[in-house]
Amino acid sequence: MIESDRVHKILYGGDYNPEQWPEETWEEDMRLLALAHIDVVTLNVFSWATLQPDDDVYDFEKLDKIMDLVKKHGLKVCLATSTGAHPAWMARKHPDILRTEFSGMKRKFGCRHNSCPNSPTYQKYAVALASKLAERYKDCDNIVAWHISNEYGGVCYCENCERHFRDWLKDKYMTIDEVNRVWDTAFWGHTFYDFEDIVAPNVLSEHFDPSHTTFQGISLDYRRCNSDSILNCYRLEFDAIHTITPDIPITTNLMGAYQDLDYQKWASYMDFISWDNYPANDSPIEETAFKHDLMRGLKQGKPFALMEQTPSVTNWLPYNSLKRPGVMRLWSYQAVAHGADTIMFFQMKRSIGACEKYHGAVIDHVGHENTRVFREVAELGAELTKIGDLTLGARTEAKAAIVFDWDNWWATDYSAGPSIYLNYFDEVMNYYKAFHNLNIPVDLISVEDDLSGYAFVVAPLLYMVKSGYDEKVRQFVKNGGRFLTTFFSGYVDEHDLVTTGGYPGKLRDILGIWVEEEDALPKDVANSFTYEGASYPATVICDLLHTEGAEALSFYEKDFYAGMPTLTCNLFGKGYAYYVATRSNAEFYQTFIEEICAEASIEPIIKTPTCVEVTKRSNANGTFLFFLNHDGKKHDIILNHAGTDILTDVSYEKGGTLPLSAKGVAILRI
Ligand code: GLA
Ligand code: ZN
């Protein structure tokens, strides 16, 4: 679908479910999709019930017809395996496929995305179906990708999963003594004598509610195990398909910053990343940008597919506002600006029944092309045809990176103390937003990624420092890198066991500080600090720290710890390690990040008002600057490069003015 020799432009299309409609309507759909310049359809996402009506019975007649239909009309296909929703007969005959919820409640048949990942029945039948599909359609030369299941997610607590958890622990820790050590079970007399003693941590055992556990170590391992179990389902289908069609890339649609699955671990088993972008009505633009960058980072900058977005409305928010005129186009290009090589929708045609009948689609219930949404889709389609392959495969070059780590996300969520206002995602976003508003490209990287290509690495709330990570950071800074971390960092190892000898644990020498205590402030209470003449709030957590070689850059101004440092900088080898001891506001983050970037010779692409987002991608065809005006009014941008807008063919001089209309987009090839 991307980086495939069957693809020569930004693919444009999305989920199409003709099986929900009488066959007589299909030709008219084809006419409308062609009119909208749609060139790819995702088929067969939820057809398991039709494809396999009983244990040993398969029926591909309808799918054959659909495959023939779309082929005849020149459409490419992203072919799904349909394993995102199991058939009713399977639940009746093989109840082991049903999940058990956090409450301990065993589900019945219903909804979707709810098969138990450790059910032998589910695994057997999912793999069988994937293999049969691959065998049957392997010679279809219009298949551009396999789409396994759909939006994998959730957690199961059934007895199969519990048994699997014990095996997973045996593999990981070998002995029950080691399990007792890493979970610190001497606390509250929790010693396990045998793996059989171990049960799933939910409300029946260790939890008060989903995020409150008495044993962080147990709950963390369960999350890891659950993510691995679901990944295993994906991998079983992947392997089956890959043996039959080794040249067709395989993916599954991810969900951006989705907490239950450690996508960084998943990524190496995906040929390319694809994801579904559904911002809420009030999602800030930088949050969407962040998610695109997170997805791009999963495969070290390789372009990704935008697998789904709505052309107009969703139907599952409390109120589902329309995307205003131009916004669908703007957000589509925002995806491309951050690394997408496809623009796809859920969905091609609005269904008439069940819970998504009011979700937006290219073809509305009215059934013709004379709608605002259809017109906007068709106009964007025409533009993409014009762009052709120009931007395909283009990379983003970033000298700065932000560390995002699922284990840290889980661990900080589970932490009992110091504050319920600690929020990993928000803390990372605070820093991301500063880079975003400065138009400084930034990669979102995992703790496994190499740091040597970066000049500046920010690791907000690096609470958990896994074995070896401190050494990676140490070498990075020694060699001249700039590293920044925050309060509540370096406290624990990968088992959530505290590193004794003073916070921030193994980062202490690099940062040149010792954090003696941390004060958690009530919601509306703030301390303050002054940095370069400006006053900023200190909220949520205030670390009480001592410098041990670092220079203090500013100090608390209130309370009994007035005069203790809020910001420090430590010269370490050839580099610098910065520490931000509290949470502050957007103005502070922007000032501080801008300053460190300047010292590290990291330049903004261009300075613009914050409502105008600018990104840069390069490939063999050149370098492309994406200008995205998220504002409702026009902005004129004074250019620091000459270039030609590939959308309009208008050329601009260096120092010239690029007019960006409200919600307007320009893509300058420089
Ligand atoms: C998800 C799913 C789709 C559809 C959309 C609706 O992304 O993958 O099947 O339910 O949500 O927003
Ligand atoms: Zn289960």
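Everything numeric here is computed off the predicted structure, so don't read it as measured data. Each ligand, and each atom within it, is numbered from 1 in the order the structure gives. Side chains included, hydrogens not; waters and symmetry mates left out as well; all remaining heavy atoms used. Numbering starts at 1 and runs along the sequence shown.
Between the CZ atom of Phe238 and the OG1 atom of Thr81 there is a distance of 12.5 Å, given to the nearest 0.5 Å.
The aromatic ring centres of Phe404 and Tyr432 sit 6.0 Å or more apart. Aromatic ring centroids of Tyr152 and Trp266 lie under 6.0 Å apart.
The cationic atom of Lys299 (NZ for Lys, CZ for Arg) does not lie both less than 6.0 Å from the six-membered ring centre of Phe272 and within 45° of the ring axis. For the pair Arg235 and Tyr269, the cation sits on the ring face: its NZ or CZ lies under 6.0 Å from the ring centre, inside 45° of the axis. A cation-pi contact links Lys349 to Trp21, judged by a cut-off of 6.0 Å to the six-membered ring centre and 45° from its axis.
A side-chain N or O of Tyr333 and one of Glu383 form a donor-acceptor pair less than 3.5 Å apart.
The number of protein N/O/S atoms found under 2.8 Å from the Zn ion (ligand 2) is 4.
Phe425 pairs by the ring pair (Phe, Tyr, Trp, His ring centres under 6.0 Å) definition with Phe290, not counting sequence neighbours. Applying the ring pair (Phe, Tyr, Trp, His ring centres under 6.0 Å) test to Tyr222 and every residue at least two apart in sequence or in another chain returns Tyr157, Phe165.
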Name each N or O atom in ligand 1 that is under 3.5 Å from a protein N or O, and give the partner atom and the distance.
{"residue": "ligand 1", "atom": "7 (O)", "partner": "Glu151", "partner atom": "OE1", "Å": "3.4"}
{"residue": "ligand 1", "atom": "7 (O)", "partner": "Glu151", "partner atom": "OE2", "Å": "2.6"}
{"residue": "ligand 1", "atom": "7 (O)", "partner": "Asp276", "partner atom": "OD2", "Å": "3.4"}
{"residue": "ligand 1", "atom": "7 (O)", "partner": "Glu308", "partner atom": "OE1", "Å": "2.4"}
{"residue": "ligand 1", "atom": "8 (O)", "partner": "Asn150", "partner atom": "ND2", "Å": "2.8"}
{"residue": "ligand 1", "atom": "8 (O)", "partner": "Glu308", "partner atom": "OE1", "Å": "3.2"}
{"residue": "ligand 1", "atom": "8 (O)", "partner": "Glu308", "partner atom": "OE2", "Å": "2.7"}
{"residue": "ligand 1", "atom": "9 (O)", "partner": "Arg112", "partner atom": "NH1", "Å": "2.9"}
{"residue": "ligand 1", "atom": "10 (O)", "partner": "Arg112", "partner atom": "NH1", "Å": "3.3"}
{"residue": "ligand 1", "atom": "10 (O)", "partner": "Arg112", "partner atom": "NH2", "Å": "2.9"}
{"residue": "ligand 1", "atom": "10 (O)", "partner": "Glu356", "partner atom": "OE1", "Å": "3.3"}
{"residue": "ligand 1", "atom": "10 (O)", "partner": "Glu356", "partner atom": "OE2", "Å": "2.3"}
{"residue": "ligand 1", "atom": "12 (O)", "partner": "Trp316", "partner atom": "NE1", "Å": "2.8"}
{"residue": "ligand 1", "atom": "12 (O)", "partner": "His359", "partner atom": "NE2", "Å": "2.8"}

